[in-house]
Amino acid sequence: MRRVAIAAAAVFALLEVAPYLVMLSGSLKTLEEVSRVPPTVVPESAHPENYSEVFEAAPMARYLANTVIVSGSIALAQIVLVVLAAYALTFMRMGPSARAVQVLVLLCLAVPPQVRFVPVYLMLARVDLVDTFFALVAPHAASALGILLACKAMRALPIEVVEAARLDGASELAIAFRVVAPMIRPTLVAFLLFSVVYHWNDYFWTLVMTTSDRVRTLPVGVALLREQGTGVRWHLVMAATVVVTAPVLAIFALTNRHLVRAFTWTSPR
Amino acid sequence: MNHCAFRHNRAFCILLLASCSSPAARDEASFWYSYGGRNREVLEDLVGRFNRVQAREGRPGRIRGTFQGDYFDALAKLRAAMLARRAPAVTHVIAEALPRLAESGVLEDLGPWARGPEPLDTGDIVPALSLSGTFDLPGDVPLVAIPFNRSTPILYYDREALQRAGIEPPRTWDDLRQAAHALTVRRGGHTERWGLTCPLSWWFWYAALAQANGTLLTPDGRAAFGRGPGVEALELYLGMVRAGTMRLPPGHDYAAWEKAHADFIARRAAMVITSTAFLAYITDNARFAVGAAPLPGHRRRAVPTGGTFFVLLADAPARAKRTAWSFVRWMSEPSRTAEWARRTGYLPVRRSAVDSEAMQRLYRERPAFRVALDQLDERAPFPWTSALLAIEREAVQPALERAAAGEVSAAEAMAEAARVADQRILELR
Amino acid sequence: MRYRRRSPLFAWAFLAPSLALFAIFFAYPLVACFWLSLHRWDMLADPQWVGAANYAALLAPGSELGPVIGRTIVYSAGTVVGSVALGLALALALHRVGRVGHVLRSAIFASYVVSWVGVSLLWSYLLDDQLGPLSALLEAAGLGAPDWLGDPDWALVSLVGVSIWKVVGYDMVLYLAALEDIPREILEAARLDGAGRWATFRTIVWPLLGPTTLFLVVTGTLMSFQGFDVVRVMTGGGPAGATQIWVHWLYEQAFAYFRLGPACAAVTLFFVPLALVTWLGRFGWQHA
């Protein structure tokens, strides 16, 4: 019974992995071969030049750089602002307003991007900031989720640590970043990983806020490759799909447990 | 893939780096375009050549092309970008979008440019493809658009299949139905070859509407297609689908076009109705002799024209507009429009290009390229109404898709479409 | 020094950047959205005050919003129920399985971190009705294959399938963690009492997994109500609107048809239920 269950799970795992193998194989085929029915499993001959071709057919290098810039900046900004805010809410005296702020933060959690994109676009349009990195980074720079997670982790710390640092005359900024932040490092690392991967993958917001290749990121650029009318060049689309998925899969392979934890951090445990 | 595209990209990167400070950046004009595959490659090649010509002649302006997806995605981006002052200096838009854009004053009046120091002989533009030939144009509309990639729908057919069945290319709706029937091959419950395939979309419906002597609007500007010819036009296709002689390509928008082309090229369909724009693509990829014929007529013969026009955005900086105009003018030169036509299947937009030795030779050697041109005599213009695009995208197209899915009858679909259209007409009045 | 440091001003200074960003990018948009919902505007002409007309049109019988919401609920329910059930089954199968289990878990979870665009492009190819390997596979096995994305009856089902495929790893991992937390002694005791596998699961394990299930249902519902990428890339909302779900509809209203008023009215109508679900999630979280 147990064996059967494990075998069934193994079959399902194969179903999860197989499409990626098809993608990899397809990215090395010719257009003729990738369109062939029935399909071949292993390419008759490998065509790694598909990758250079896709980098020529679209400014993929630019997209890649933009994606790194955007997801990196968001993560950095979030970490800094999250530590500041959570520290203030946990260790600084604010009286009853702390509770109000927490409720406010929670409320922000309930406002997904799909609710905000129209007015934010119009607002950024008015100040000439559409199609800039600002439009991709700033609206995500403050993270309600991050603040909640960091607060939770900070509350678990002994208050004496902070008190002692204060007695030593350390500034509040120094305590926040040199004393408290290192102590909640697992939380921050998990949140950082989550944030990088989440924004690396983001499509909706970038699609709305960008109009040129100067700031477009990989998901938007790659989705544009599926041109229509004269036949999808599937071998190139597959190569581009490898380019957009491989970095995330690599991060996953390297940080396996951490990433799983990062993504399940918000769970009830 | 091709070397030119790569060089162009590198040039573009260098330009981008330089653009921070150099004064040349202010002469740069961005150009948004929207094609797939082969036609995109041809266009990118032309853009690269224009930039090299500019460099050779020591002129400062360059064109920076940005791909924006299909026509509708590009149009959506354009309208959103106008508000954000991120619109390009020049782009190309489908005819149906022009009335609303022109009316709201965002398009540059090109009349003065055409008469200016870099003149464009508008009298040489093929009349049927010009603004006034594409629309029933009121007198007071300025010259806001120069035709670029213009087309008509045509009927492609598998020569051998028609010969074997002993039939001629259909000339009427009845012929078409019979031909589709005769060309369909079934084995068991499986259709091995359909007689006809055609994406059920606005353009082909509009053609049939005109062929049935219908109009889009009543003289007082209300939707006129809710019954009668509007329904008949849809029924033309649905009838053949029900009879099992026409394959309705699945998918939304251009995904369906794509399938229709693929079915024809793979000989799963003996005839396809689609744009002349795919002539080069289809004849190059089909491993059989491809014939082309004008669309069959009904009460009369009629086709709409399609494709896009170049427009300049009025809000663009003056120097960028100058480069943009040079580009439009360069692209419209008779030899260029002839080359564009030869390499894609679109119509040459200049009379002198049509009459040129090169085009005439092409027409003799490959008569299929002539079909769309000859059809221009039977063109059905669009009404110049600000709701035109909304009627196409929000009223008619969804109705066609719902009827195609069998959710509603043709009559119900068109009645609903007319209701939505009237609502949009009212909103935009 | 010490006094000044205790001043709440310090705390507010630390909070200021976050609060300012929240005000600009969260609070203001909601107000602006409501304001816009009372207008008719296509980004070309000047906005025109129409009062509650947009709401009236959306709520009128026969409005296009009804079917959109219906499809969204179908997509959402299908994805959530499918991934929760499958995730639980996988977790039960792989619970306390050593090395092999770890490899299988990783393989299944991987898709969760991959972008929706990547997954959608990949599956567009796999499900293509002409050259898609999946249809070829089914036909080789002597089974017919539907036109996954082209048939209006199948398209939404296909999207649900792809979505479950992508997210199920998340449900599995959370269930695995929850299973770890169940003390062995309780299960031992149940075994000694002579309870069968099914009875143990039903009376002990399932209730103990309750908070996890609630959490997964809530987050899954929220996530699937925000579904967009998969529709945009794979079907564009078609065929015949069969996959036109809420966010994609919203996007098209706003940025394809430029009907800003109705789009914002729909957002306003929907913000309340969305916020409710989120609060429900918070409730489940706190109870754990």
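Looking at C:L92, the atoms closer than 4.5 Å to chain A (heavy atoms on both sides) all sit in the backbone: N, CA, C or O. At a 4.5 Å heavy-atom cutoff, C:L137 makes no contact with chain A through either its backbone or its side chain. With a 4.5 angstrom heavy-atom cutoff, A:F204 touches chain C via backbone and side-chain atoms both. With a threshold of 4.5 angstrom between heavy atoms, A:Y87 approaches chain C through side-chain atoms but not through N, CA, C or O. Proximity to chain A (any heavy atom under 4.5 Å) is shown, for C:V103, by neither the backbone nor the side chain. Heavy atoms of A:V34 lying under 4.5 Å from chain C belong to its backbone as well as its side chain. The part of C:L126 that comes within reach of chain A is its side chain, from C-beta onward, which places non-hydrogen atoms under 4.5 angstrom from that chain. Looking at A:L225, neither its backbone nor its side chain comes within 4.5 Å of chain C, counting heavy atoms on both sides. For C:M43, the part lying under 4.5 angstrom from a heavy atom of chain A is the side chain only. For C:V267, the part lying near chain A is the side chain, with the backbone staying farther off; criterion is any non-hydrogen pair under 4.5 Å. With a 4.5 Å cut-off on non-hydrogen atoms, A:A144 touches chain C through its backbone and its side chain both. With a threshold of 4.5 angstrom between heavy atoms, C:Q130 approaches chain A through N, CA, C or O but not through any side-chain atom. Of the atoms belonging to A:L81, heavy atoms from both backbone and side chain fall under 4.5 Å from chain C.
Side-chain atoms of A:R116 do not come within 3.5 Å of backbone N or O of C:L30 as any donor-acceptor pair. Although no hydrogens or angles enter the test, the distance criterion places no donor-acceptor pair under 3.5 Å between the side chain of A:N201 and the main chain of C:W116. C:R232 places no side-chain N or O within donor-acceptor distance of the main-chain N or O of A:Y203, the cut-off being under 3.5 Å. Of the possible donor and acceptor atoms, one in the side chain of A:R226 sits under 3.5 Å from a partner among the backbone N and O of C:V233. A donor-acceptor pair is defined here as one N or O able to donate and one able to accept, closer than 3.5 Å; no such pair exists between the side chain of C:Y112 and the backbone of A:V260.
Counting only residues at least two apart or on different chains, no side-chain hydrogen bond (donor to acceptor under 3.5 Å, both in side chains) pair has a member in residues 12-34 of chain C.
Taking the six-membered ring where the residue is Trp, the centroids of C:F25 and A:W205 are separated by 6.0 Å or more.
Taking the side chain as every heavy atom from C-beta outward, C:W165 and A:P19 approach each other to under 4.5 Å.
The aromatic rings of C:F255 and A:Y121 sit perpendicular to each other, their planes meeting at more than 60°, with 30° as the lower class boundary.
In the model, A:T241 has no side-chain atom that pairs as donor or acceptor with a side-chain atom of C:Y125 under 3.5 Å.
Nearest heavy-atom pair across A:M94 and C:A11 is CG-CB, 3.6 Å. Here the closest non-hydrogen pair linking A:I6 and C:A93 is CG1-O, 3.6 Å.
Remark: C:T72 pairs with no residue by the side-chain hydrogen bond (donor to acceptor under 3.5 Å, both in side chains) rule, at least two apart or across chains.
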**Request:** Starting from the C-alpha separation in whole Å, work towards a yes-or-no answer on side-chain contact (heavy atoms from CB on, under 4.5 Å) for A:Y20 and C:V114.
**Result:** CA-CA 11 Å; A:Y20 295 103; C:V114 166; 3.7 Å; yes

**Item:** Residue pair A:L104, C:L19: steps toward the side-chain contact (heavy atoms from CB on, under 4.5 Å) verdict
**Value:** CA-CA 9 Å; A:L104 214 82; C:L19 291 182; 4.2 Å; yes

